[in-house]
Amino acid sequence: MADLDRKYDVLVIGGGNAALCAAIGARRAGATVLVLEGAPKFYRGGNTRHTRNMRCAHDAATDILTGPYTEQEFFEDLLRVTGGETDEELARLMIAESKDILNWIVEQGVRWQPSLGGTLSLGRTNSFFLGGGRAMLNTLYRTAEGLGVDILYDAEVIDLEIDRGMVLSATFKQGDGRLSARAATLVAAAGGFEANIEWMKQYWGEAADNFLIRGTPYNRGSILKMLLEKGVEAVGDPTQCHAVAIDARAPKFDGGIITRLDCVVFGIVVNKHALRFYDEGEDIWPKRYAIWGRLVAGQPDQIAYIVFDSTVLNSFMPSLFPPIAADTIGGLAVELGLDPETLKKTVADFNAAVRPGTFDHTILDDCRTEGVNPPKSHWARRIETPPYYAYPVRPGITFTYLGTRVNKQARMLMKDGGPAANMFAAGEIMAGNVLGKGYAAGIGMTIGSVFGRIAGREAAKIARN
Ligand SMILES: Cc1cc2nc3c(=O)[nH]c(=O)nc-3n(C[C@H](O)[C@H](O)[C@H](O)COP(=O)(O)OP(=O)(O)OC[C@H]3O[C@@H](n4cnc5c(N)ncnc54)[C@H](O)[C@@H]3O)c2cc1C
């Protein structure tokens, strides 16, 4: 039972992976902890509910990981996907600590399962949660409750009293009322601002109206905004985010994993003018899937169509919605509302440019085009076997990268350069420290777990001194 008359050692705002890792870390370090989760209990856990796996370094194969994934290789992957836009010190710390997280998460009751198959090819690098993110989250909640962490749901924090980098109290909604909680330290783990379309519009303009938000509608960035307005230093480019191509028929929020489309490598992608606009075979899919949301966002009306033929229909995980089908390319164009002649020419030009090769979507194979712009550098095969199919896709925003700058203790840094007196951050709300841009599958959960655990431990230390 939460006791709002007392002053807690650690106040955690948020209810996802980062928040729970912080709460458990702090409680295990001896602190009293209150978690304020803005969502109702059924929807607790933000975007974490939708996750499947986490990327951790390890020096040898485990019972569920097929081989070693060294710290150096992890770091090189991060450098590649971010184009070097990462805080090297924090990135190396995260990667080093991720090794221990593989076991620590299990100590909190979570179980791993071998990698799921399909186009992501993650068997060596990523551990999958047995039962998915929801099961992982339920376990963390159960563990936190068992340790004596107090948790309030439907408790959206609407104000933070902060004096020169020191948080004093938080005001939150509870039913129709307003309540206040006091704590010696704060861990902000309240996600990004992806569900706040108005905020997204500041950077994307009207295009943001066509974005679909893959996760929770509760990550509206209110805590991030408060912190930045009260002197915390920002990190990251506000336009950068994790955005994938998802089925355009997905709901506005919370469509989750079942609307993502991983079939780009099996076909071509055209815009509403029936023209290709980017190399569909640029790099191995786990390193490229997260650029396609952004690419579609840059197209007219933020809509695109993945076009393929019957030979690959069963080669990837389908969307919740069936693909649109037709016996001819022209017929498919009509179904999609595209100009038939242009789509026929786009497909014909592509087919003519395909060079012979040996198809293997798990490696950078030698199936490529020659003489067409943009090229398809790998996995290029003719689209010529009816029926033909297409999925309409829109930008599916997973999470934003603008965040609070932190140091190695996960302590927020103030605009004047010094560390905040008692404020820490973990998860999406500080992801921009590590992810300047780009993404490699499973890093979101690594950021939350590693910095959540550090934030909880460090907050407890300050509170108890
Ligand atoms: C469909 C989908 C699939 C994904 N799959 C993966 C995957 O397999 N692997 C991976 O690594 N990453 C994945 N991600 C990304 C991953 O979900 C996030 O990186 C991670 O869950 C972030 O954890 P978090 O605790 O920071 O945020 P969240 O889990 O989103 O939690 C934020 C919490 O803050 C709460 N909150 C927000 N504002 C307030 C407020 N004012 N007051 C109180 N509470 C508030 C929210 O209710 C929520 O509980 C996926 C994301 C989506 C959407």
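For ligands, and for the atoms within them, numbers begin at 1 and follow the listed sequence. Residue numbers start at 1 and run along the sequence shown. Quick note: numbers below take in every heavy atom, side chains included, and nothing from hydrogens, waters or symmetry partners. Just so we're clear, the structure is a prediction, and the values are computed from it rather than from any experiment.
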Y289 ring center within less than 6.0 Å of H242 ring center: yes
Pair K461 + E458, salt bridge at N-O below 4.0 Å: yes
Just checking F308 against F316, ring centres under 6.0 Å apart?
yes
Quick check with a 6.0 Å cut-off and a 45 degree axis cone: is R52 positioned over the face of F129's six-membered ring?
no
Less than 4.0 Å from some atom of ligand 1, heavy atoms are found in residues I13, G14, G15, G16, N17, A18, L36, E37, G38, A39, G45, G46, N47, T48, H50, T51, R52, N53, A155, E156, V157, A189, A190, G191, R214, G215, Y218, N219, S222, I223, G256, I257, T398, F399, G427, E428, Y439, G442, I443, G444, M445
*Should the pair R92-E88 be classified as a salt bridge under the 4.0 Å nitrogen-to-oxygen rule?*
yes
Ring-face cation contact, Y8 with R6, 6.0 Å cut, 45° max | yes
